[in-house]
Amino acid sequence: MVVLSQPALDQFSLIKTYKPTNLSTEIPVIDLADPDAKTLMVKACEEIGLFKLVNHGVSLESMMNLETQALNFFNLPQSDKDKAGPADPFGYGDKRIGPNGDIGWVEYLLLNTNPQVTSQKSLAVFRGSPQKFRSAVEDYVLAVKRMAFQVVELMADGLGIEPRNVLSKLLRDEKSDSCFRLNYYPPCPELQALSGRNLVGFGEHTDPQIISVLRSNNTTGLQICTRDGTWVSVPPDQTSFFINVGDALQVMTNGRFRSVKHRVMADKMKSRISMIYFGGPPLSEKIAPLPSLLAEGEGSLYKEFTWCEYKISAYKSRLADYRLGLFESN
Ligand code: GA4
């Protein structure tokens with residue numbers, strides 16, 4: 001076990017926000033059973049890069065069960081949690097995000113969802129912890145994956161792509177490089193003294209994968225950056241999912257869908273917990289615009305690359321970097 005000293009509060013990003021932005025009406029809400037869902041999804045992915053999904057078929061019980069188990073884990077003594085860390089990238093992480101010096105007011109568990117490539121660290125997380133935690137993760141991930149496959153099939157349908165499984169087959173692939181993250185943002189009472197400042201829990205970034213499916217408890221914190229550069233708070237809803245476009249999907253749609261920049265703020269009183277499934281393609285997959293989406297004479301906005309190349313590059317970057325920049329065609 002490696003013991004790392006903790007960064008002091010003044011090393012974290014404290015952001016001054018002048019007026020609270022709470023434009024809840026701007027977050028599209030899509031009912032999975034709505035016959036117009038595919039059209040609404042395409043519109044939301046083009047305009048914002050994020051939407052809220054309701055009537056999704058995943059039981060609240062499985063969400064709450066995982067939330068309880070995860071809280072049990074994060075409430076363990078630090079020395080017990082450290083046995084599952086440091087995150088490399090998988091495992092337990094505390095304040096340090098990624099390998100290049102990013103820090104945030106967050107503790108997390110990063111796990112691989114694919115048994116073919118499950119790292120020893122992912123398994124070690126559950127060593128010594130009750131079997132209940134492991135089954136809660138497995139049940140939840142199974143249910144969320146099923147729903148995510150449906151969502152990307154609807155997106156493909158909405159885009160008029162054939163076959164409609166072009167995207168879902170990448171996530172369903174046994175070699176799909178997908179992962180699962182549990183984030184725990186402890187309250188920070190010291191914030192009280194720093195009036196008007198907000199503490200960054202997870203700094204601004206885009207997700208590298210195809211899509212991300214997030215569920216959180218009822219604590220605020222998630223914010224997205226709109227096209228005009230304004231940060232907008234996403235009101236939490238513990239019964240729903242927030243789905244966002246990742247970099248790979250932006251490329252596959254040749255920039256039509258927007259990989260939305262987002263961040264999370266910590267709260268002075270309330271803890272926030274979120275669970276996110278990141279659906280990615282197999283490492284060997286070429287990431288390029290889907291040919292049927294290119295109009296006649298339209299060239300790709302990006303150089304061709306494999307998901308493996310993109311990941312290697314992502315892990316050399318800082319959280320807030322514009323990672324797709326290196327892959328844009330001249
Ligand atoms: C952001 C999205 C996912 O949480 C993640 C993150 C990953 C990590 O925490 O290990 C990265 C980050 C994320 C993008 C840039 C690199 C890699 C930390 C970091 C600084 C698991 C992912 O796939 O990319």
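In listed order, ligands and their atoms are each counted from 1. Given the structure is predicted, the values throughout are model-derived calculations rather than measurements.
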Does anything in residues 196-228 form a ring-ring contact (aromatic ring centres under 6.0 Å, His included)? List the pairs, not counting sequence neighbours.
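Pairs touching residues 196-228 that pass the test: Phe202-His205, His205-His262.
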Quick one, Ser216 and Phe242 - any side-chain contact, counting heavy atoms below 4.5 Å?
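No, their side chains stay 4.5 Å or more apart.
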Is the closest side-chain heavy-atom distance between Val245 and Met252 below 4.5 Å?
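No. Closest side-chain heavy atoms not under 4.5 Å.
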Any carboxylate oxygen within less than 4.0 angstrom of a Lys/Arg side-chain nitrogen, looking at Lys169 and Glu285?
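Looking at Lys169 and Glu285, the cut-off is not met.
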With sequence neighbours left out, what residues match Asp237 under salt bridge (charged side-chain N to carboxylate O under 4.0 Å, His left out)?
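In terms of salt bridge (charged side-chain N to carboxylate O under 4.0 Å, His left out), with neighbours along the sequence ignored, Asp237 is linked to Lys52.
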Mind checking what makes salt bridge (charged side-chain N to carboxylate O under 4.0 Å, His left out) contact with Lys38, not counting sequence neighbours?
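With neighbours one apart ignored, the set is empty.
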Are there any N/O pairs under 3.5 Å between ligand 1 and the protein, and if so, what are their distances?
from: ligand 1; atom 1: 4 (O); to: Arg181; atom 2: NH1; distance (Å): 2.8
from: ligand 1; atom 1: 9 (O); to: Arg181; atom 2: NH1; distance (Å): 2.9
from: ligand 1; atom 1: 10 (O); to: Tyr315; atom 2: OH; distance (Å): 2.6
from: ligand 1; atom 1: 23 (O); to: Gln209; atom 2: NE2; distance (Å): 2.8

